[in-house]
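Shown next, in structure tokens, is the structure this report addresses.
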Amino acid sequence: MATDCIFCKIASGEIPTEILYQDDEVFAFRDIKPITPVHLLVVSRKHITSLADMTDAETPIIGKMTRVANQLAREQGIAESGYRLTINSGADSGQLVPHLHMHLMGGRMLKWVH
Ligand code: 5GP
Ligand code: ZN
């Protein structure tokens, strides 16, 4: 846990947030500024700052996050209409929170971003 990290504070309960899924490795909640009708964040419990900083041994968490995101997409009713999973890494991607997380976005037609 990083003491000044927003997502570590959500994980610990210091920032009260409705948790939609949790287990010993990941947890999920709604993005505070949704850009799509369904916009959830699937977050690793471990404080990993970005994809670029992951060790090879840490990479299986991405598979776990994907499995949880797929389950949440079904629960949110967007599995058939379609959805996008996004992990931003570093300044050029627009990453704002330096704690590994996956965006689950759907509920409307998405444009590709350049
Ligand atoms: P990033 O740009 O790092 O990939 O995405 C970070 C996301 O976290 C943003 O979409 C932002 O709206 C969301 N976010 C930042 N702070 C909070 C918060 O305190 N609570 C929630 N639920 N979402 C947050
Ligand atoms: Zn953190």
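Considering only heavy atoms from C-beta on, L100 comes within 4.5 Å of I62 through its side chain. Residues L41 and F7 meet the side-chain proximity criterion, which asks for heavy atoms closer than 4.5 Å. Within the 4.5 Å cutoff, the side chain of I6 has heavy atoms near those of the I15 side chain. Looking at S44 and E25, their side chains never come closer than 4.5 Å, going by heavy atoms from C-beta outward. For the pair L20/Q76, a side-chain contact is recorded, criterion being any heavy-atom separation below 4.5 Å from C-beta on. Using a 4.5 Å heavy-atom cutoff, the side chains of T59 and I61 are not in contact. A 4.5 Å side-chain heavy-atom check between V26 and R45 finds every atom pair outside the cut-off. Looking at L72 and V42, their side chains come closer than 4.5 Å, going by heavy atoms from C-beta outward.
Summarising the geometry of K9 relative to T3, their closest heavy-atom pair is CE-O, 3.1 Å, with the distance given to 0.1 Å. Here the closest non-hydrogen pair linking N88 and H103 is ND2-NE2, 3.8 Å. When every heavy atom of G90 is checked against every heavy atom of S93, the shortest pair comes out as O-OG, 2.7 Å. Of all heavy-atom pairs spanning S81 and G77, the tightest one is OG-O, 4.1 Å. The heavy-atom pair separating P37 from G107 by the smallest distance is CG-O, 3.5 Å. Nearest heavy-atom pair across A69 and L85 is CB-CD2, 3.5 Å.
A distance of 8.0 Å separates CG of L110 from CD1 of I35, quoted to the nearest 0.5 Å. A distance of 5.5 Å separates NE2 in H99 from SG in C5, rounded to the nearest 0.5 Å. Here the CD atom belonging to Q71 is positioned 5.0 Å from the CD atom belonging to E75, to the nearest 0.5 angstrom. In this structure, I87 CD1 and M102 CE are separated by 4.0 Å, a value rounded to the nearest 0.5 Å. Between atom NE2 of residue H101 and atom CG of residue L51 there is a gap of 9.5 Å, rounded to the nearest 0.5 Å.
Heavy-atom neighbours of D92 CG from other residues, nucleotides or ligands within 6.0 Å: at or below the threshold of 12.
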List, one per line, each side-chain donor-acceptor pair under 3.5 Å for residues 27-34, sequence neighbours excluded.
residue	atom	partner	partner atom	Å
R30	NH1	E18	OE1	2.9
D31	OD1	K33	N	2.8
D31	OD2	H39	NE2	3.4

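Formation of a donor-acceptor pair under 3.5 Å by the Q95 side chain with backbone atoms of V97 is found in this model.
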Show the numbers, then the answer: is there a side chain to side chain contact (heavy atoms under 4.5 Å, CB included) between T66 and V68?
CA-CA 5 Å; T66 304; V68 170; over 6 Å; no

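Each of Y83 and V43 belongs to its own hydrophobic cluster when Ile, Leu, Val, Met, Phe, Trp and Tyr are linked at side-chain heavy-atom distances under 4.5 angstrom. No path of Ile, Leu, Val, Met, Phe, Trp and Tyr side chains, each step under 4.5 Å between heavy atoms, connects I10 with Y21, placing them in separate hydrophobic clusters.
In this view, K46 and E58 satisfy the salt bridge (charged side-chain N to carboxylate O under 4.0 Å, His left out) rule, not counting sequence neighbours.
In summary, K64 and D23 engage in a salt bridge, as defined by a charged side-chain N under 4.0 Å from a carboxylate O.
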